[in-house]
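One structure is given here, and the rest of the page talks about it.
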Amino acid sequence: MSVPAFNRFGVWAIYRFEMARALRTLWQSVVTPVITTSLYFVVFGGAIGSRMHDVGGVPYGAFIVPGLIMLSLFTQSLFNASFGIFFPKFTGTIYEVLSAPVSPFEIVMGYVGAAATKSVILGLIILATAALFVPMTILHPLWMAAFLVLIALAFSLFGFIIGIWGKNFEQIQFIPMLIVTPLTFLGGAFYSTDMLPQPWRTVTLFNPVVYLVSGFRWSFYGKGDVAVGVSLAATVGFLALCLVAIAWIFRTGYRLKT
Amino acid sequence: MEPVIAIRGLSKRYAGGHQALSDVDLDIARGEIFALLGPNGAGKTTLISIVCGIVTPTTGTVSADGFDIGRQYRQARSRIGLVPQELHTDSFETVWATVTFSRGLFGCPPDPAHVEKVLKDLSLWEKRKARIMELSGGMKRRVMIAKALSHEPEILFLDEPTAGVDVELRRDMWALVRRLRDSGVTIILTTHYIEEAEEMADRVGVISKGRLIVVDEKTALMKKLGRKTLTLNLAEPMRALPAALSDWALTLKADGNELEYEFDANAERTGVPSLLRRMSDEGIAFKDLHTRQSSLEDIFVSLVHSGEGA
Ligand SMILES: Nc1ncnc2c1ncn2[C@@H]1O[C@H](COP(=O)(O)OP(=O)(O)OP(=O)(O)O)[C@@H](O)[C@H]1O
Ligand SMILES: [Mg+2]
């Protein structure tokens, strides 16, 4: 019996399993974010936005679209990936993955790939919903897609780590709720950092989310809080950091094997 | 012949400090049914989990079909199927989907015909579209077996396969295990039902407190450690043992109607012929006699107890 060096059937099995899980809860997976986004537009775009100035020549309603997508992309990637791996740990079905001829890298590909796919699709759904409310332009669609995919991957990896680290559901929800959402709100999702007085403008630059949102917004309107190269470096850096952490987890068997 | 599983110097100390396995050496021959017996907490599941890659050993090596389970885990694991002791299932999945998933996970290309055959062999075909949470406990256990067989393993671990399974189903399962063995699959099972090991196993290993205390052919084990009991149905009931028979360790049973004599079947002098001679000399008649070989269960209990004494 020859065993191939790459278990593509195994990766595909995990990926399909995770996608099927989302399909079973299609209602929550799609309808909830669409409704939430619509509410944001009614409130920020319509009610408040009509009294706001343009931001750097972009109408406020359109200005918040990239930030809104990012907010959902962050939270959904974290949520999908962390539950994807936490759940089998919790129910015990992880035994099968651990006893299968799949490498750590293949396990990550399956789980993180599925989580990232779901959040990218979600990002596109939000984008389409937003287009119903505000006229939009996307100056650099390829960059937009690249940021969308890279950031979804990075946060899905981060979520995978949280899912392995977490011992219960509370811990799994802790990081998205208490760290990522606040950082996103404070990270220029709904305003430009130029609008902040000093010293807050400088403080904000320590918030990594600023760089991600800025790069993504640049791909829409050609303007960001920081140069796009810096945003790209931050995105790739975060991705690399998560990969290193995962490699360490698997090498040590941390919280996966006894 | 090279063993299909070779375990050398295997020890496991869990993070809490508990020594679950101590220096276990074990070879499993290709194509045999090996039964691992031992009381609760003896280390059976730990041993199986290490071979299957779920638990990391503290020291020692294991190879499956010649492949090291650490360095050559892909080759080793793709040959192994595992039915764990606990019923871990994805409640929302259908039977068909979960078995197909397992096959893919183990690196096999899709083969609906094989999945169909496995489900039919396990009488699960009618339930293929049912969600796992809609199944009974015995059905769930069969789903676990189907998952383990989905990738056509050469080595199958069954950790208490018949726990919570009714008598009829247990017989079906034994038949399935025999069919698998006949098709060349090596089977290692744990069980608390001694009659299961007695019925099926070629060889038996007894593990107690993390140590493998005995490994032997089932028949040899029974012969070696087996004690026989001779029962004589007396023609006339006896109120007490006569002094003339005091050289033999006899017990009176059934209101004095039966005389029982336990002896070592392998001893040079069993004492049976002389006993019978003395009885005829004394004019003690009997209507019938029979002997009974002690079961694996008796052997097992005495082994574990002598292990504790040591
Ligand atoms: N994950 C774990 N962490 C710490 N100790 C463990 C762990 N798993 C098992 N043990 C301990 O190791 C010992 C052996 O357990 P194991 O499950 O291997 O026994 P077993 O022979 O399968 O028992 P049973 O017949 O009850 O299934 C027990 O004392 C158990 O408490
Ligand atoms: Mg056990």
Side-chain angles (χ1 to χ4, degrees), chain A residues 1-29 83-107 109-111 113-114 167 249-258, chain B residues 12-16 18 20 46 48-57 65 67 69 72-94 97-98 100-111 131-132 144 147-148 150-154 157 159:
Chain A
M1 188 166 65
S2 75
V3 177
F6 177 68
N7 183 354
R8 64 193 165 99
F9 293 113
V11 174
W12 180 235
I14 295 174
Y15 185 88
R16 267 199 24 187
F17 177 88
E18 283 297 298
M19 295 306 280
R21 208 162 54 84
L23 283 180
R24 273 201 301 269
T25 52
L26 194 63
W27 189 248
Q28 288 123 291
S29 317
F83 273 86
I85 189 69
F86 177 77
F87 211 68
K89 270 203 325 177
F90 180 73
T91 60
T93 53
I94 191 80
Y95 87 86
E96 201 179 15
V97 175
L98 294 178
S99 68
V102 283
S103 68
F105 181 65
E106 289 157 358
I107 295 175
M109 270 179 85
Y111 281 108
K167 286 182 179 154
I249 283 172
F250 276 106
R251 217 184 42 240
T252 57
Y254 175 76
R255 286 200 186 173
L256 269 178
K257 293 189 187 189
T258 43
Chain B
K12 174 64 186 180
R13 181 188 285 274
Y14 280 108
H18 183 81
T46 302
I48 290 180
S49 301
I50 291 175
V51 179
C52 294
I54 297 166
V55 168
T56 46
D65 210 5
F67 296 103
I69 57 156
Q72 297 160 305
Y73 70 94
R74 270 188 209 277
Q75 285 89 342
R77 291 185 196 168
S78 58
R79 285 159 171 80
I80 298 176
L82 165 66
V83 182
Q85 182 173 1
E86 307 286 335
L87 289 171
H88 301 300
T89 51
D90 290 300
S91 312
F92 299 100
E93 290 287 307
T94 65
T98 197
T100 305
F101 167 81
S102 300
R103 186 177 167 84
L105 192 63
F106 278 76
C108 298
D111 184 355
R131 288 179 177 201
I132 294 171
M144 306 287 283
K147 283 165 78 70
S150 66
H151 65 280
E152 302 160 69
E154 291 169 28
F157 284 92
D159 200 350

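Here is how names work: the chains are called A, B, and so on, in the same order as the sequence lines, proteins then strands, and each is numbered from 1. Heavy-atom basis, side chains included; hydrogens, waters and symmetry copies ignored.
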*Selection from A:Ala20, A:Ser103, A:Pro88, A:Gly10 maximising heavy-atom pairs under 4.5 Å formed with chain B*: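 Winner by heavy-atom pair count: A:Ser103.
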
*Check the surroundings of atom CZ in A:Arg8: do more than 12 heavy atoms from other residues, nucleotides or ligands lie under 6.0 Å from it?*
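No, because the 6.0 Å sphere around CZ of A:Arg8 holds 12 heavy atoms or fewer from other groups.
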
*B:Tyr14 atom OH: more than 12 heavy-atom contacts under 6.0 Å*: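 Yes.
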
*Counting heavy-atom pairs under 4.5 Å to chain A, which of B:Glu93, B:Lys12, B:Arg74 comes out on top?*
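Top count of heavy-atom pairs under 4.5 Å with chain A: B:Arg74.
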
_As an exercise: rank B:Gly53, B:Pro109, B:Ser102, B:Gly81 by heavy-atom pairs under 4.5 Å with chain A and give me the winner._
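Counting heavy-atom pairs under 4.5 Å, the top option is B:Pro109.
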
*Begin with the C-alpha distance, continue with both residues' side-chain angles, and end with the deciding distance and a verdict on side-chain contact (heavy atoms from CB on, under 4.5 Å) for B:Phe92 and A:Arg21.*
CA-CA 9 Å; B:Phe92 299 100; A:Arg21 208 162 54 84; over 6 Å; no

Quick check on [X] against chain A: is it the side chain, the backbone, both or neither that has a heavy atom closer than 4.5 Å?
X        : answer
B:Phe101 : both
B:Thr98  : neither
B:Thr56  : both

_Tell me every residue that passes side chain to side chain donor-acceptor pair (under 3.5 Å) with A:Arg16, counting only those two or more places apart in sequence or in another chain._
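For A:Arg16, no residue satisfies side chain to side chain donor-acceptor pair (under 3.5 Å) once neighbours in sequence are set aside.
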
*Kindly compute the distance separating OH (A:Tyr95) from CE (B:Met144), expressed to the nearest 0.5 Å.*
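Here the rounded value is 3.5 Å.
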
_Steps toward side-chain contact (heavy atoms from CB on, under 4.5 Å) verdict (A:Glu96, B:Phe106)_ = CA-CA 9 Å; A:Glu96 201 179 15; B:Phe106 278 76; 4.3 Å; yes

*Is any side-chain heavy atom of B:Arg79 closer than 4.5 Å to a side-chain heavy atom of A:Pro101?*
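Answer no - side chains too far apart.
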
_B:Gly107 versus A:Asn7, closest heavy-atom pair with distance_ =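 In this case the closest contact between B:Gly107 and A:Asn7 is CA-OD1, 3.1 Å.
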
*Looking at B:Leu105 and A:Val102, what are the two nearest heavy atoms and their distance?*
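That would be O-CG1, 3.7 Å.
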
*Per-residue contact mode, A:Val11 against chain B (heavy atom under 4.5 angstrom)*: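 Neither the backbone nor the side chain of A:Val11 comes within 4.5 Å of chain B.
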
*Side chain of B:Arg77, backbone of A:Leu98: donor and acceptor closer than 3.5 Å?*
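Side chain of B:Arg77 to backbone of A:Leu98, a donor-acceptor pair under 3.5 Å: yes, one is there.
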
